[in-house]
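Worksheet: the structure to be examined is printed underneath.
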Amino acid sequence: MLKKRIHGSITGRWLVNSMGIVLAVLLVVDVLALVIFSNYYANAAEQNLTTKLESVISPLSRYQTASGLASEIESTVTEFDEKEKYELIAISTSGEVLLTSSGFEPSDWLDLGGYEKALDSSDGEYCETLTLSSGEKVMCYTVILSSNQSEYGALMLLTSIDLIDNQIFRIGVVLSISLLAIILLMLFAGLSFVRSIVVPVRQMCDISKKYAEGDFRERIDPKTSDEIGELAESINYMATELENSDKVKNEFISSVSHELRTPLTAIKGWSETALEMSDDPETIQKAMKVITGETERLSEMVEELLDFSRIEDGRFTLNRETCDILAELGEAVLIYGERAKSLGIKLEYFEPEMLPFVYGDRARLRQVFINIIDNAVKYTNSGGTVSVEAFEKNKEIVVLISDTGVGIAPQDLPKVKTKFYKANHTRRGSGIGLAVANEIVEMHGGNLTINSELGKGTTVRITLPITEQF
Ligand code: ADP
């Protein structure tokens, strides 16, 4: 479980991927540095030994006679002045130790294999590292004294390399401590960096779950202004929008229910009245009129809801043909003429002589005009005016529907075309009429814009492209 958590988490992945690689690289560098250092010291020691022995051997070449050479070798070995650091050994031609600079007999501790190997080598030299029986590590350099008549066959120079080993060990310790310090530093810095991402991400996860459950009360505190802070801001924005749309959706359901209930109440009421007064033809006539009107209103509303759902899931299509929209506009004005009059609203129609044709869906365009005129009448108080006009401008047909009604507040104006949005709750309506109208106009390649001033009135401007086909 813990293993799974570590592997699945950002911290775990960072530990395995980044820190794992860094650790491996640092280890390789550490080992490489140690190898390079020990090689360097070994080479330096060998170089030093070679130079020293050569400085001992080179004066010997002056001696031509065997006795002269032998006595010079003897004096060189016995009087060797760096006895503390080196041991100089003279070896006989048969491979036995004849003289040592320290004066001790070395046969018990020294392996003379180096002499044999120097004899076998092409240049008559051999350098090796030996561990003495005392446990001390020495470097041993042997040079064959070639073509001389004396009993001396070779000179051997030894020096302890324990110091070098100590030095390398110390370097190893320093490197390991530095490595550990670097790893701890990186771990600390990396973990606090990873925490600065993981902690807010976890918080966002928890809060998002609450949002998913419909609880939008909490907000994330964007502590930084980096990408994580931006993400927190976006989530907060999303929560506000979700909360709003949740509110709008609830309002929509309640207003639609209310909208449906009003005509149903009227229908129920008038049906009961008609039943009770079945012998009064005048009441029955009136009841039937109301019931028919309210049923029509109900079916219009259901149609609007169905259109809206078709728009939402992309099933909304147009039956386009070349049409004269003046007929549709005229019909919409006619439908509202009576109602406006009964509400004390003046409905003016500035009908043009003729308009170019539009390639569109007659029924849908009529639906748009009805919707906008319905809004204009609905949001205008008694004594107000609704005016409708249409004209051609810049190869477009423009339809203006203006009213002297309640108007729309500036903060609501950008939102009234969005679905479910109701700026005014005092009048009936579901808040989807303008959204549907706007969609239909845009599907025709046109535009629906609204200008309004609170308390003064509203003008809806619809533009539709003129058809090229006849
Ligand atoms: P509704 O069915 O609520 O009228 P609409 O989508 O048709 O829904 O309109 C959305 C909102 O736009 C309305 O709630 C109303 O506040 C505002 N509105 C639309 N037309 C007018 C208008 N002519 N005058 C004032 N407000 C309007």
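Each ligand, and each atom within it, is numbered from 1 in the order the structure gives. Reckoned from all heavy atoms, side chains included, excluding hydrogens, waters and symmetry mates.
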| message | Closer than 4.0 angstrom, basic N to acidic O: yes or no for Lys268 and Glu272? | response | yes
| Contact partition for Val416 relative to ligand 1, non-hydrogen atoms under 4.0 Å | both
| Polar proximity ligand 1 side, Gly431 side, N/O cut 3.5 Å exclusive | yes
| field | Ser452 versus Thr458, closest heavy-atom pair with distance | value | OG-OG1, 2.9 Å
| said: I need the contact type for Ile372 against ligand 1. Using non-hydrogen atoms and a strict under-4.0 Å cut-off, is it side chain, backbone, both or neither? | reply: neither
| request: Flag Leu434 as yes when one of its N or O atoms lies below 3.5 Å from any N or O atom of ligand 1, and as no otherwise. | output: yes
| Quick check: are there more than 12 heavy atoms from other residues, nucleotides or ligands sitting under 6.0 Å from CZ of Arg219? | yes
| query | Taking only residues two or more places apart in sequence or in another chain, which ones pass salt bridge (Lys or Arg N to Asp or Glu O under 4.0 Å) with Glu389? | reply | none
| What part of Thr458, side chain, backbone, both or neither, has a heavy atom within less than 4.0 angstrom of ligand 1? | side chain
| field | Top protein contact for atom 7 (O) of ligand 1, by heavy-atom distance | value | Asn375 ND2, 2.9 Å
| note | Taking every heavy atom of Ile370 against every heavy atom of Ala332, the minimum-distance pair comes out as CG1-CB, 3.7 Å
| request: With heavy atoms under 4.0 Å as the rule, classify the contact between Arg427 and ligand 1 as side chain, backbone, both or neither. | output: neither
| Any N/O of Gly433 closer than 3.5 Å to an N/O of ligand 1? | yes
| How would you list, by chain and number, every residue that makes a salt bridge (Lys or Arg N to Asp or Glu O under 4.0 Å) with Arg310, sequence neighbours excluded? | Asp307
| At what distance is the nearest protein heavy atom to atom 13 (C) of ligand 1, and which residue and atom is it? | Tyr379 OH, 3.2 Å
| query | So, are Glu213 and Lys210 salt-bridged, with charged N and O less than 4.0 Å apart? | reply | no
